[in-house]
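Only one structure is covered here, and it is reproduced in the block below.
The model shown is predicted, which means the values in this text are computed figures rather than measured ones.
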Amino acid sequence: DSYGELPEGVDPALLKKIVALITAQKFADVIPLLEGLVKERPDLYLACNNLGTAYRRVGRYDDAIAVFGAMADAAANAGLPKEESEAHLMRGISWFYKGEPRIAVAEFEQALSASIALEDPRPEFWKGLAFAQQGRYRDAITNYSNSLRHFNGYTIAPNNRGLAYLAIGEIDLAVADFDEVIGQTPRDASAYYKRAIALGRRG
């Protein structure tokens, strides 16, 4: 993540260190720095977002959920739909990794509600993942398709939709999705592998 312009009153050396640790994916090391920054400047949206993400990446899901919940409330009160949607999305992802897909779905729906005018495929996509985690593959397929209506080039959506089609035995549709992924990202080896599995099942 980038902090863009330097926020007023924030030590540039601190921000540089935070960015370096995040870039190196040293999330446990960056958490104390972000906690201190957020305590001093709770208005820094990106710092809060990075703190919640760092908590999630080290498995501190309850802490991540709390941070993103506070962010969602603050964004809603300030009338910032993009930030509110992002906070609900990230909170839902935290619930997803905590193993609570039903709660995650509710958060993704909140993200969709907040971002009604935004072209963001991620809430629909993650809602599909949560349904797939519950074995609700047809619902997952619907959401993967919806995510593509937001952004047609979101190749991760047909990739996962193809897996959902495989799970319910719709082999031709699975092959078509993997064909689409290969057409857009011809160096994606995993797409060829998945298509091979689908073709094998088709005989």
Side-chain angles (χ1 to χ4, degrees), residues 1-76 78 80 82-101 103-108 110-111 114-115 118 120-130 132-133 147 151 153-157 159-160 163 181 185 187-191 193:
D1 291 328
S2 172
Y3 277 83
E5 294 183 8
L6 181 65
E8 185 178 347
V10 177
D11 180 4
L14 173 63
L15 283 188
K16 185 176 181 180
K17 187 172 183 180
I18 287 172
V19 171
L21 288 170
I22 292 172
T23 302
Q25 298 191 17
K26 295 183 177 180
F27 298 107
D29 294 334
V30 81
I31 283 173
L33 300 180
L34 286 167
E35 286 175 336
L37 180 56
V38 168
K39 185 176 181 180
E40 290 181 10
R41 294 288 303 276
D43 60 307
L44 292 180
Y45 173 83
L46 191 52
C48 295
N49 192 37
N50 280 325
L51 177 58
T53 300
Y55 281 145
R56 177 178 62 79
R57 293 295 294 267
V58 300
R60 292 173 59 177
Y61 301 119
D62 290 334
D63 289 329
I65 288 163
V67 168
F68 291 127
M71 286 173 58
D73 291 342
L80 300 171
K82 182 178 179 180
E83 287 78 3
E84 183 184 356
S85 177
E86 180 76 13
H88 281 295
L89 172 66
M90 299 305 287
R91 194 177 193 211
I93 292 171
S94 301
W95 280 114
F96 177 88
Y97 280 110
K98 191 180 178 184
E100 297 284 357
I103 302 175
V105 166
E107 290 289 343
F108 300 139
Q110 286 274 54
S115 67
L118 302 177
D120 187 347
R122 296 174 300 158
E124 290 279 11
F125 174 77
W126 276 94
K127 190 176 174 184
L129 282 181
Q133 193 178 62
S147 73
F151 176 44
Y154 198 53
T155 55
I156 194 171
N159 177 78
N160 283 66
L163 292 173
V181 175
T185 55
R187 293 184 178 273
D188 182 356
S190 67
Y193 175 74

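Partner of Arg91 under the salt bridge (Lys or Arg N to Asp or Glu O under 4.0 Å) criterion, chosen from Glu107, Glu84, Glu86: Glu107.
Note that the CD1 atom of Ile93 and the CG atom of Leu129 stand 9.0 Å from one another [nearest 0.5 Å]. Atom OG1 in Thr53 sits 8.0 Å away from atom CD1 in Ile22 (nearest 0.5 Å). Atom OG of Ser85 is separated from atom CG of Leu80 by 12.0 Å, given to the nearest 0.5 angstrom. To the nearest 0.5 Å, atom SG of residue Cys48 and atom CZ of residue Arg41 are 10.5 Å apart. One finds the CG atom of Leu46 at 11.5 Å from the CG atom of Leu51 (value rounded to the nearest 0.5 Å). Between the CD1 atom in Ile103 and the CZ atom in Phe108 there is a gap of 11.5 Å [rounded to 0.5 Å].
The two residues Ile31 and Ala54 make their nearest non-hydrogen contact at CG1-CB, 3.7 Å. In terms of heavy atoms, Ser147 sits closest to Ala157 at OG-CB, 3.3 Å. Here the shortest heavy-atom pairing between Val58 and Phe27 reads CG1-CB, 3.8 Å. Of all non-hydrogen atoms in Asn159 and Val181, the two that sit nearest each other are N-CG2, 3.6 Å. In terms of heavy-atom proximity, Ala47 sits nearest to Leu34 at O-CD2, 4.0 Å. Shortest non-hydrogen contact noted between Gly52 and Ala64 is O-CB, 3.3 Å.
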TODO: Begin from the C-alpha positions of Arg122 and Tyr154 and carry the test side chain to side chain contact (heavy atoms under 4.5 Å, CB included) through to its verdict.
DONE: CA-CA 9 Å; Arg122 296 174 300 158; Tyr154 198 53; 3.5 Å; yes

TODO: Walk me through it: do Asn49 and Phe68 pass the test side chain to side chain contact (heavy atoms under 4.5 Å, CB included)?
DONE: CA-CA 7 Å; Asn49 192 37; Phe68 291 127; 3.3 Å; yes

TODO: In sequence, state the C-alpha distance, the side-chain angles, and the governing distance for Lys98 and Ile65, and then conclude on side chain to side chain contact (heavy atoms under 4.5 Å, CB included).
DONE: CA-CA 10 Å; Lys98 191 180 178 184; Ile65 288 163; 4.2 Å; yes

Open item on the list: Quick one, Asp120 with Phe151, criterion side chain to side chain contact (heavy atoms under 4.5 Å, CB included). Give me CA distance, side-chain angles, the key distance, then yes/no.
Closed with: CA-CA 7 Å; Asp120 187 347; Phe151 176 44; over 6 Å; no

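Between Asp29 and Lys26 there is no salt bridge, since no side-chain N of the basic residue sits under 4.0 Å from a carboxylate O of the acidic one.
A parallel orientation is assigned to the rings of Tyr61 and Tyr97, their planes being inclined by less than 30° (bins at 30° and 60°).
Within the 4.5 Å cutoff, the side chain of Leu37 has heavy atoms near those of the Leu15 side chain.
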